There are 2 protein chains.
Amino acid sequence: MTEPIKLLLADDQALVRGALAALLSLEPDLTVVAEVGRGDEVVPEARRTRPDVALLDVEMPGLDGIAATARLRAALPACRVLVVTTFGRPGYLRRAMEAGANGFVVKDTPARQLADAVRRVHAGLRVVDPTLAAETLATGPSPLTDRETEVLRTARGGGTVADLAATLHLSEGTVRNHLSAAIGKTGARNRADAVRVAEENGWLLGD
Amino acid sequence: MTEPIKLLLADDQALVRGALAALLSLEPDLTVVAEVGRGDEVVPEARRTRPDVALLDVEMPGLDGIAATARLRAALPACRVLVVTTFGRPGYLRRAMEAGANGFVVKDTPARQLADAVRRVHAGLRVVDPTLAAETLATGPSPLTDRETEVLRTARGGGTVADLAATLHLSEGTVRNHLSAAIGKTGARNRADAVRVAEENGWLLGD
DNA sequence: TTCCGACCGTGACATTTGTCAGGCCGGCCC
DNA sequence: GGGCCGGCCTGACAAATGTCACGGTCGGAA
């Protein structure tokens with residue numbers, strides 16, 4: 001038999017991380033060589049342990065899974081990336097693929113399929129939930145312009161327009177205008193709604 | 001050796017559920033007899049399989065983990081409940097304890113402690129994260145009056161004041177006033193902030 | 001070159017939202 | 001009973017938010 005596939009697990013919830021390790025270790029051809037709980041620990045740990053496949057969660061402190069994917073692919077091109085996330089949001093899949101992920105799995109899939117996904121990714125195939133893929137194509141890329149996403153991202157903190165204007169070095173009118181445009185494009189009625197919609201679609205992820 | 005402890009797992013994410021099952025099955029004195037993915041399946045499944053301890057997630061479709069805890073304790077008093085949640089929000093702990101839970105564990109705790117928690121709960125002890133317990137006492141119970149929580153809960157959907165007034169059969173002024181009170185009590189600046197704070201503290205859970 | 005479109009920035013204006021003072025009702029204590 | 005307190009309801013007012021029309025800049029197409 002050949003060497004087992006070496007895995008790196010990244011998830012901020014220690015319990016889930018350990019449980020996944022237990023689950024995957026049941027497979028004789030898989031072995032977990034590293035576990036991290038923060039996005040910014042992925043690349044250093046991968047450099048040290050040289051895994052074949054990295055399983056990354058999207059929601060992580062330090063650095064989100066999408067950004068971690070990009071950096072890991074840049075630093076160690078030989079290491080495949082399988083993104084494992086809680087939320088099956090269309091934009092997440094798109095961003096993950098753009099960042100160089102080799103697979104995308106929702107945490108709601110049956111447990112036994114995970115090992116298969118790992119093997120396929122390791123073999124060079126792409127693994128994507130078909131339903132989610134269709135949804136992604138239907139949703140399309142972010143309609144928001146750079147400034148608009150920036151303003152929305154800042155508005156996430158929940159301050160007044162004056163605050164946003166101050167932190168962004170803009171006039172209040174400008175901020176209002178960008179927000180209005182974002183509200184229109186997201187089909188929301190509130191600034192809060194717009195933030196929610198944009199977040200659910202993954203339009204606020206990244207840098 | 002005595003009979004192993006029989007467990008029921010409830011979590012909406014199939015992958016996590018399976019992984020937890022794998023993790024706990026490694027312990028010789030534990031055995032998983034049932035798995036469900038919805039809150040409203042907990043009691044029927046427990047009636048069928050008669051577990052000794054039930055591990056319930058808070059975030060679940062159908063019925064949240066708090067409500068499921070209450071119904072399970074009422075239906076099968078012999079079955080202990082250990083609530084396992086993603087978010088260490090003080091209000092969650094309070095509500096879980098009020099609902100009759102025997103233990104409360106955050107998913108961020110080390111994996112190996114989970115089996116211990118199960119054993120302690122089974123032995124009749126209470127298991128609570130000390131940090132979280134202190135935080136809970138500091139936060140205190142919900143300061144919101146009935147009407148205020150109702151209005152906030154409705155406002156969660158994100159409509160205009162007129163909408164809220166229509167669905168609640170109230171004057172717009174009244175709705176504004178309740179919202180204002182809620183904003184004041186939560187220390188927020190926006191209606192959206194108030195909703196967020198109240199949700200994080202678990203003041204909007206339940207019926 | 002000119003034209004055109006997309007994006008950014010800005011101020012005036014209408015709408016929505018949040019605050020306040022006050023009236024009403026039921027329970028509780030003196 | 002009378003006084004008091006807390007919750008609920010309401011309308012008037014001030015502050016914030018969202019919309020609109022406009023001007024400026026840059027880059028590509030005609």
Side-chain angles (χ1 to χ4, degrees), chain A residues 91 98 139-207, chain B residues 91 139-201 203-207:
Chain A
E98 286 172 359
T139 303
S142 171
L144 299 176
T145 173
D146 286 355
R147 256 334 198 196
E148 287 160 5
T149 53
E150 190 177 2
V151 173
L152 261 196
R153 214 177 270 149
T154 312
R156 201 163 27 172
T160 170
V161 172
D163 300 343
L164 302 185
T167 57
L168 294 172
H169 305 292
L170 288 177
S171 159
E172 300 195 9
T174 307
V175 173
R176 286 209 200 85
N177 196 19
H178 285 307
L179 284 174
S180 183
I183 290 171
K185 288 180 180 176
T186 52
R189 342 183 38 167
N190 281 342
R191 156 192 337 193
D193 250 21
V195 169
R196 196 175 46 76
V197 171
E199 243 176 0
E200 286 181 0
N201 288 24
W203 295 338
L204 263 41
L205 282 179
D207 318 307
Chain B
T139 304
S142 171
L144 299 176
T145 172
D146 287 353
R147 257 335 200 192
E148 287 160 6
T149 54
E150 190 178 359
V151 172
L152 261 197
R153 215 178 269 150
T154 311
R156 198 164 29 171
T160 170
V161 173
D163 301 343
L164 302 185
T167 58
L168 295 172
H169 305 291
L170 288 178
S171 158
E172 300 195 10
T174 306
V175 172
R176 285 210 200 83
N177 196 18
H178 285 307
L179 284 173
S180 182
I183 290 171
K185 289 180 180 175
T186 52
R189 344 182 37 169
N190 280 343
R191 155 191 338 191
D193 250 21
V195 169
R196 196 177 46 75
V197 171
E199 242 176 0
E200 285 180 2
N201 288 24
W203 296 337
L204 263 41
L205 280 180
D207 317 307

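Since the structure is predicted, the reported quantities are computational estimates derived from the model, not experimental observations. Naming: A, B, ... by sequence-line order, numbering from 1 per chain.
Of the possible polar contacts, none joining the B:Ser180 side chain to the B:Arg176 backbone as a donor-acceptor pair under 3.5 Å is found.
Distances shorter than 4.0 Å separate none of the side-chain N or O atoms of A:Arg147 from OP1 or OP2 on C:dC8. Look at B:Thr145 and you won't find any side-chain N or O under 4.0 angstrom from OP1 or OP2 of D:dG6. At C:dT10, one or more side-chain N or O atoms of A:Thr174 fall inside 4.0 Å of OP1 or OP2 (strictly under the cut-off). Phosphate proximity of C:dT17 to B:Ser180: absent, as no side-chain N or O sits under 4.0 Å from OP1 or OP2. Between B:Arg191 and C:dT17, a side-chain N or O to OP1/OP2 separation shorter than 4.0 Å is present.
The distance from atom CG of A:Leu168 to atom C1' of C:dT10 is 15 Å, rounded to the nearest whole Å. Rounding to whole angstrom units, CZ of residue A:Arg176 and P of D:dC22 are separated by 19 Å. Atom CD in A:Glu172 sits roughly 9 Å away from atom P in D:dA16 (whole-Å rounding). Rounded to an integer number of Å, the gap from CG of B:Leu179 to C1' of C:dT16 is 12 Å. For the pair A:Leu144 CG and C:dC8 P, the interatomic distance rounds to 11 Å; values are reported in whole Å. Atom pair B:Arg189:CZ and D:dA15:P shows a separation of 15 Å (rounding to whole Å applied).
The base of D:dT17 is not paired with the side chain of A:Asn190 by any donor and acceptor separated by under 3.5 Å. For D:dT19, the base has no donor-acceptor partner in the side chain of A:Asn177 [N/O atoms by modelled type, under 3.5 angstrom].
A distance of 10.0 Å separates CG in A:Leu168 from OG1 in A:Thr174, rounded to the nearest 0.5 Å.
Comparing D:dC9, D:dC8, D:dT19 against the side chain of B:Leu170 picks out D:dC9 as the nearest. The B:His178 side chain lies nearest to D:dC9 when the options are D:dG18, C:dT19, D:dC9.
Closest non-hydrogen pair, A:Arg189 versus B:Thr160, comes out as NH2-CG2, 4.0 Å.
One finds no salt bridge joining A:Arg153 and A:Glu150 here, because no Lys/Arg side-chain nitrogen approaches an Asp/Glu carboxylate oxygen to under 4.0 Å.
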